[in-house]
There are 2 protein chains.
Amino acid sequence: MEYNLALIGFGNVGQGLAEILASKGPLLREKFDANIRIVAICDLYKGSIADPDGFDPQALLDHINDKGDLKEFPAPDKDWDAGATIEMSGANVLVELSFTDLKTGEPALGHMIQALESGMNVSTTNKGPAALHFPKLLELSKTYGGKIGVEGTVMSGTPALALGMKSLAAAGVTRIQGILNGTSNYILGEMENGADYADALQDAQAKGYAEADPAGDVDGHDAAAKVVILANLVMGQSMTMEDVSCEGISGISAAQIQSAQAETQRWKLIGTLETVDGRMQGSVKPVKLDATHPLYGISGATNAITYSTDLLGDITLIGPGAGRIETGYAIIGDILSFSH
Amino acid sequence: MEYNLALIGFGNVGQGLAEILASKGPLLREKFDANIRIVAICDLYKGSIADPDGFDPQALLDHINDKGDLKEFPAPDKDWDAGATIEMSGANVLVELSFTDLKTGEPALGHMIQALESGMNVSTTNKGPAALHFPKLLELSKTYGGKIGVEGTVMSGTPALALGMKSLAAAGVTRIQGILNGTSNYILGEMENGADYADALQDAQAKGYAEADPAGDVDGHDAAAKVVILANLVMGQSMTMEDVSCEGISGISAAQIQSAQAETQRWKLIGTLETVDGRMQGSVKPVKLDATHPLYGISGATNAITYSTDLLGDITLIGPGAGRIETGYAIIGDILSFSH
């Protein structure tokens, strides 16, 4: 299969994807019969380039490292905006990596609609459109035939959505609980080690775990978006951000954390989907877990999700929740699933 | 899709499968367009019955519970042996659930070859053929067009093989470590709680965790078979039981377990596949794990597997490793994957 990608956005994740294609391109061709090429990049700050023959991914990375942008990168077509890139690049896969807006989903939503309406496949790691408008996107996918992949919106390349949507689809998922934000989990762990909140946050930012604006990490909104995505994709609900009650970690004091530790308990920011009084409810809030809870041992920036099922009991998946390569891998996973 | 199953063996797993079909049949039809019927059962002790129109799974279970076998169950065809069942039942899926023989793989191997050569699909939870002859079975599958599913051979219905073979296939799996035998993990946990080895084993048997002959659980051979299956299916190796070094848990003393606990360490029976001196090596042996190891916290009869990967780091999946319903679910998973 020939996959010609148009990337909208070329920040960490886009560059991680280019790195994977540079190192694993031959393996992907040989093992999966997948010839994946970047034929266009459109980035507000780094410039826009397009070449129907595809770019050498390593050359793109070298140029970025050298010049900081792609404005002087040699390409037959230049300076297209996102709409023109989607329309004219000849790509059959839109890789939507623009910034996340959890209020409107824009501008990513418009890009994805344009691509789906022209029959293109879409892969995105952007939580906005997936959390706010998934049913509409799915309908366009069915109408026009392009596939849509959003694996990277929850736990980066850790296949949390594939597990819930495919492997466990017949097992009867009754409840989902997850540590879905690495920054807040890292901060809580550092506070267990004696750090105060501000230092722990600064440390998380220095290590690259925190989003550009860490507010969404620590106030729970990032995790809440993932709860909404899980509700829609795994549980078949029509849930929006407003349906999820949300409380972050800033109200947890050092004293609370220490007194929990003294009783072999840990405070964790837990996203939950469960049926209460016959209705599916979503929440994000700090929960004090006993040592027997499957999410008790999850430390650092690692993420984890526990699917409680009718037939198999609890199934827990643990893996990275962020990172340029880790999130780039989610796009590879989406693309390989398009042909199945 | 119409799936007509011939079950060879109708013990715990076969009855678990019938229970799932009785409770989830409508869901499987509606959600997956999969109409799964049992058209034949051949069991050495419980009798053999066949009906091309399919049996009511609940009626089969009720009859077994009432009479202890199926000899008087009304059916148009009776008393076929395994060969005749495969040949004449009209089934398009052989569900091979006869007893595991890790020396020859028989009689399951012969049944599977017969079915594959007639173009049938095959799902099995029997570790023998998968551990000893997978390359041959795969070749028959390719030649004659029937699919083969073995998800239940490792960690029962927990989708450990699907994770390694599909979701992580492009992530570059470099090492696999797992707690792959629930009985031995349960015994080690009970010994941590102060029980002696013999009492803990008896307890595991009473709870139904141990295999009929628990020798394979505690001497590591059951876990070794799973290591061989992972080597062949996930790592693309041609490994056999003889290639896996194997040491069980009977040499671990209560004193060793307690001294490990005093240092916040735990003894676990770990199956490992890793490259040593440029060659893939498989082993099963007791390993003393630090609290930071992803498998440290796995308690009771639960199983877990950690895939170490190039692109995602460590991905760990935790879930049941045995059980009638849990293992029956693996067959459902195999069958649903046949159409993808």
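Bear in mind that the values here come from a model prediction, so they are computed numbers and not experimental data. Naming: A, B, ... by sequence-line order, numbering from 1 per chain.
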Flag the one option from Ala34(A), Ser23(A), Ala171(A) with the top tally of heavy-atom pairs under 4.5 Å to chain B.
-> Ala171(A)
Of Ile332(A), Ile315(A), Thr327(A), the largest count of non-hydrogen pairs under 4.5 angstrom with chain B goes to Ile315(A)
Here the gap from His293(A) atom NE2 to Arg266(A) atom CZ, rounded to the nearest 0.5 Å, amounts to 13.0 Å
Between the side chains of Asp203(A) and Tyr186(A), does any donor sit under 3.5 Å from an acceptor?
-> yes
Please flag which part of Ala162(A) lies under 4.5 Å from any non-hydrogen atom of chain B: side chain, backbone, both or neither.
-> side chain
Supply the atom-to-atom distance Met239(A) CE to Asn232(A) CG, rounded to the nearest 0.5 angstrom.
-> 8.0 Å
Identify which part of Phe32(B) has an atom lying under 4.5 Å from any heavy atom of chain A, answering side chain, backbone, both or neither.
-> side chain
Which one, Asp314(B), Ile325(B), Thr292(B), Thr309(B), leads in non-hydrogen pairs under 4.5 Å with chain A?
-> Ile325(B)
Proximal component of Leu28(A), with respect to chain B [non-hydrogen, under 4.5 Å] | side chain
Under a 4.5 Å heavy-atom cutoff, which of Gly319(A), Gly16(A), Gly157(A), Ser156(A) has the most pairs with chain B?
-> Gly157(A)
Is the closest basic N to carboxylate O distance between Asp310(B) and Lys24(A) below 4.0 Å?
-> yes
Quick one: of Leu27(A), Thr306(A), Leu168(A), who has the most non-hydrogen atom pairs under 4.5 Å with chain B?
-> Leu168(A)
Is chain B contacted by the side chain of Ala291(A), its backbone, both, or neither, given a heavy-atom distance below 4.5 Å?
-> neither
Counting only N and O atoms by type, is there a donor-acceptor contact under 3.5 Å from the side chain of Asn92(A) to the main-chain atoms of Asn4(A)?
-> yes
Do Ile20(B) and Leu311(A) come within less than 4.5 Å of each other through their side chains, counting heavy atoms only?
-> yes
Under 4.5 Å to a heavy atom of chain B? For Ile298(A) that would be neither
Check: Asn303(B) side chain, Met155(B) main-chain N or O, donor-acceptor pair, under 3.5 Å = no
